[in-house]
Amino acid sequence: QVQLVESGGGLVQAGGSLRLSCAVSGMTFSEELASWFRQAPGKEREFAATIGPSGRPTFYGDSVKGRFTISRDNAKNTVYLQMNNLKPEDTAVYYCAADTENWRDPRAYNYWGQGTQVTVSS
């Protein structure tokens, strides 16, 4: 019943920008925190950003802080990740996740999207 569907990934040159979207259905989205994680081939899933139910607070992983911005529109049941000044090391599958008691731990989330590929060329 609960579904999270990411979109907005693609190929971009280093220094460019992308905006990812995650459309959520089947839950009361405004009552849940939401997060973005990313995973490169052969690497651990890495925390990128999280946002509280009302849009605050927000927290970011060290590798993306200052470049990425997480936001949400509860009226549209959507969470966004604005990614600026992209680097080749940002290349990964980006996943949206929701409903957790421990936002830092990817194993603690109840719901995940299928992911969207982001590739940054040098």
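The chain is numbered in sequence order, starting from 1. The structure displayed is predicted, hence computed values, not measured ones.
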Test ring-ring contact (aromatic ring centres under 6.0 Å, His included), reference Phe47, set Tyr109, Phe37, Trp36, output is Phe37

The reported gap from CD in Glu44 to CZ in Arg38 (rounded to nearest 0.5 angstrom) is 14.0 Å

Quiz prompt | Arg45 side-chain N/O to Arg107 backbone N/O, donor-acceptor pair under 3.5 Å | solution = no

Residues Gln117 and Ala92: closest non-hydrogen pair is NE2-O, 3.5 Å

For residues 54-89, the ring pair (Phe, Tyr, Trp, His ring centres under 6.0 Å) pairs (sequence neighbours left out) are Phe59-Trp103

Rounding to 0.5 Å, atoms CZ (Arg19) and CG (Asn84) come to a distance of 11.0 Å

Output for pair (Leu81 CG, Ser71 OG), nearest 0.5 Å, gives 8.5 Å

Scanning both residues in full, the closest heavy-atom pair of Gln39 with Lys43 reads NE2-O, 3.0 Å

For the residue pair Trp112 and Tyr95, does the interplanar ring angle fall in the parallel (under 30°), tilted (30 to 60°) or perpendicular (over 60°) class? perpendicular

**Item:** side-chain contact (heavy atoms from CB on, under 4.5 Å) assessment of Lys76 paired with Ser21
**Value:** CA-CA 11 Å; Lys76 297 180 179 179; Ser21 298; over 6 Å; no

Around Asp105, counting heavy atoms of other residues, nucleotides and ligands shown, do more than 12 lie under 6.0 Å from its CG? yes

Discussion item. For Glu89, is the CD atom crowded, meaning more than 12 foreign heavy atoms sit under 6.0 Å from it?
Written reply: yes

Closest heavy-atom pair, Asp90 versus Arg67, reported as atoms and distance to 0.1 Å, is OD2-NH1, 2.7 Å

Q) Where the side chain of Asn74 meets the backbone of Pro53, is there a donor-acceptor pair that is under 3.5 Å apart? A) yes

The reported gap from CG in Leu18 to CD in Gln82 (rounded to nearest 0.5 angstrom) is 8.5 Å

Scanning both residues in full, the closest heavy-atom pair of Ile51 with Thr58 reads CG1-CG2, 3.7 Å

In short, Cys96 meets Val79 closest at the heavy-atom pair SG-CG1, 3.5 Å

Q) So, does Glu6 use its side chain to make a donor-acceptor pair with the main chain of Gly115 at under 3.5 Å? A) yes

Is there side-chain contact between Met83 and Val118, with at least one heavy-atom pair below 4.5 Å?
yes

* **Gln114 atom CD, over 12 foreign heavy atoms within 6.0 Å** => no

Side chain Thr100, main chain Asn102, donor-acceptor under 3.5 Å:
yes

- Quick one: are Tyr111 and Glu32 in side-chain contact, heavy atoms under 4.5 Å? no

OG of Ser30 to CZ of Arg72, rounded to nearest 0.5 Å, is 7.5 Å

The reported gap from CD in Gln13 to OG in Ser122 (rounded to nearest 0.5 angstrom) is 9.5 Å

Test your reading of the model: is there a side-chain donor-acceptor pair from Thr91 to the backbone of Val120, 3.5 Å cut-off?
yes

Original post:
Do the non-hydrogen side-chain atoms of Phe29 and Leu4 ever get within less than 4.5 Å of each other?
Top reply: no

